[in-house]
Amino acid sequence: MADYRTIKAEPLTNAIRAIVKAGGSTDREAELVSTNLVEANLKGHDSHGVGMIPRYVQSVVNGGLAVNAHVKTVLDTGPLLTLDGLTGYGQVIGHEAMELAAERAKRNGVCLVGLSNSHHIGRIGHWAEQCIGHGLVSIHFVNVISRPIVAPWGGSDARHGTNPFCVGIPRAGKEPIVLDFATSRIAQGKTRVAHNKGVELEPGTIIDNEGKPTVNPRYTVIPPYGAILPFGEHKGSGLALVCEILGGALSGGQVVKGPSDGKYNVLNGMLSIIIDPTKLGTAENLAREVESFVAWHTGSPPAPGVDKVRVAGEPERETKKKRLAEGIPVDPTTWQEILEAGKKFGLDQAAIEKIVS
């Protein structure tokens, strides 16, 4: 990693905030976007971190990302919410949607919220963590309206997005459980990171433009395009199908119907179920039984080469602790793309470099 630069979280956040603000965003919007992206980097998900800024900037320029948009309530019956993101920054739209949903879940015991037309909503675990902050359990099904990038099981070309699935479960006095994964073998952004680094992908991860196995990440980044394969064969592909329909259609939004329009935009739909265990009358039972099972689960003797058995969310917290202390590694290609993005909003390279120096 000799070519990498390592940037501390605070100055990196300041730099991204400055770029977003230069694009016309309010202080609040710039804060939500920058802190969300850097948090993804801190937790080891560079695919959803600051490397997304070039794409966001291009989407603003293209008119596919609406600056300073807020979530619109289409329907509100209390336990049921239908929301439209109006193509606003997903970091703002997601935050506002989860705050509305959390309030109603605490009032009614549950809230089912359909969110459509949000610009890239980022790391879905972030929204589960927001619900956990309110003491709530949450389940999220997400679809992606953009250039199809994932092949269905048994298929040889891309037909849908990475379609994440996520569950968040709070634990009294302990770190929560946060399960958050793409239904593809790896997230699309991870292939971009690999391409920028100049490294190969694991065999069995992607196929090329002819549907043949390859380890070259360029087939998911530059034309001619191939596709990422689904995780878990037919099981992951089936979950991706469900995420597309629930996150895209039941939420009130769109599903992927064909090739991309060629614009550098990405929209997400998300169907979320938020539950208040206290209102359900099972909070004490949940707290007790979660600890019993976590103890049993993590008590398994570690396999060779493994230091301990972890629960979902633990690796991210370990990475965050390390990166808060040591800084966030940013590869040269990604950093140059960020500088170029700033330039499109009128910030010169020296101004951004000064912020992180």
Side-chain angles (χ1 to χ4, degrees), residues 26 28-29 32-33 35-36 48 65-145 161 163-170 176-180 183 239 241-256 266-283 286:
T26 62
R28 175 181 179 273
E29 179 160 280
L32 286 172
V33 173
T35 54
N36 176 290
H48 291 67
L65 169 50
V67 173
N68 297 322
H70 296 281
V71 73
K72 175 186 175 185
T73 301
V74 178
L75 178 142
D76 181 2
T77 68
L80 295 171
L81 265 178
T82 307
L83 306 171
D84 190 325
L86 303 176
T87 72
Y89 271 108
Q91 290 75 10
V92 174
I93 300 303
H95 177 81
E96 293 178 349
M98 291 303 100
E99 284 302 295
L100 288 170
E103 190 277 327
R104 282 150 183 78
K106 286 188 279 190
R107 188 198 316 161
N108 301 295
V110 66
C111 182
L112 190 150
V113 55
L115 172 64
S116 63
N117 301 317
S118 169
H119 196 266
H120 185 247
I121 207 164
R123 184 178 68 91
I124 309 305
H126 193 95
W127 312 123
E129 288 160 1
Q130 186 176 338
C131 293
I132 285 166
H134 289 283
L136 306 172
V137 171
S138 65
I139 306 163
H140 310 265
F141 302 87
V142 185
N143 88 318
V144 187
I145 299 294
N163 293 13
F165 173 75
C166 178
V167 178
I169 304 171
I177 295 167
V178 182
L179 176 70
D180 176 20
T183 49
L239 184 55
L241 177 74
V242 167
C243 285
E244 187 71 36
I245 294 167
L246 297 184
L250 187 58
S251 71
Q254 315 165 58
V255 296
V256 177
V266 53
L267 293 177
N268 287 125
M270 181 166 72
L271 184 80
S272 301
I273 305 164
I274 295 98
I275 303 162
D276 185 344
T278 301
K279 287 279 189 180
L280 190 62
T282 63
L286 174 68

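Residues in residues 124-136 take part in these salt bridge (Lys or Arg N to Asp or Glu O under 4.0 Å) pairs, two or more places apart or across chains: K43-E129, R123-E129. Residue pairs meeting the salt bridge (Lys or Arg N to Asp or Glu O under 4.0 Å) criterion with at least one partner in residues 72-88, sequence neighbours excluded, are D76-R104. Screening residues 105-115 for salt bridge (Lys or Arg N to Asp or Glu O under 4.0 Å) gives E103-R107 as the qualifying pairs, with residues at least two apart or on separate chains.
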Determine, stepwise, if the pair V266 / I145 fulfils side chain to side chain contact (heavy atoms under 4.5 Å, CB included). CA-CA 6 Å; V266 53; I145 299 294; over 6 Å; no
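Here the OG1-CD1 distance, from T282 to I275, works out to 8.5 Å after rounding to the nearest 0.5 Å. Note that SG of C131 and CG of D276 are 11.0 Å apart. Values are rounded to the nearest 0.5 Å. The structure places OG of S138 at 9.0 Å from CD1 of I169, a figure rounded to the nearest 0.5 Å. Note that CG of L179 is 11.0 Å distant from CD1 of I139, once rounded to the nearest 0.5 Å. We find the CG-OG distance between N117 and S251 to be 8.0 Å, quoted to the nearest 0.5 Å.
The two residues E99 and H134 have their closest heavy-atom pair at OE2-NE2, 3.0 Å. Between I274 and A105, the shortest heavy-atom distance links the atoms CG2-CB, 3.6 Å. The two residues D180 and G125 make their nearest non-hydrogen contact at OD2-N, 2.8 Å. Summarising the geometry of A101 relative to C111, their closest heavy-atom pair is O-CB, 3.5 Å, with the distance given to 0.1 Å. Annotation for W127 and G90: closest pair CZ2-O, 3.6 Å, computed over non-hydrogen atoms. Residues L286 and P277 approach most closely at CD2-CG, 3.8 Å, considering heavy atoms.
With sequence neighbours excluded, the residues forming a side-chain hydrogen bond (donor to acceptor under 3.5 Å, both in side chains) with S272 are H140, listed by chain and number. Taking the ring-ring contact (aromatic ring centres under 6.0 Å, His included) definition, one finds that H48 meets it with H120, sequence neighbours left out. Scored by the side-chain contact (heavy atoms from CB on, under 4.5 Å) test, I132 finds P170, P176, V178 as partners (sequence neighbours excluded). By the side-chain hydrogen bond (donor to acceptor under 3.5 Å, both in side chains) test, N143 pairs with E244, sequence neighbours left out. Judged as a side-chain contact (heavy atoms from CB on, under 4.5 Å), and not counting sequence neighbours, the contacts of L115 are V71, L83, I93, A97, S118, I121, M270. Under the side-chain contact (heavy atoms from CB on, under 4.5 Å) criterion, L112 pairs with L80, L271, I273, sequence neighbours left out. With sequence neighbours excluded, no residue satisfies side-chain hydrogen bond (donor to acceptor under 3.5 Å, both in side chains) with N36. In this structure, the side-chain hydrogen bond (donor to acceptor under 3.5 Å, both in side chains) partners of E29, at least two apart in sequence or on a different chain, are S25.
For the residue pair H126/Q91, the side-chain donor-acceptor check at 3.5 Å is not satisfied.
A side-chain donor-acceptor contact under 3.5 Å links T183 to the backbone of N163.
With contacts defined as side-chain heavy-atom distances shorter than 4.5 Å, the pair L267/T87 qualifies. Here the side chains of M98 and V113 are in contact, with some heavy-atom distance below 4.5 Å. Side-chain contact between N68 and Y89 is absent, with no heavy atoms from C-beta onward closer than 4.5 Å.
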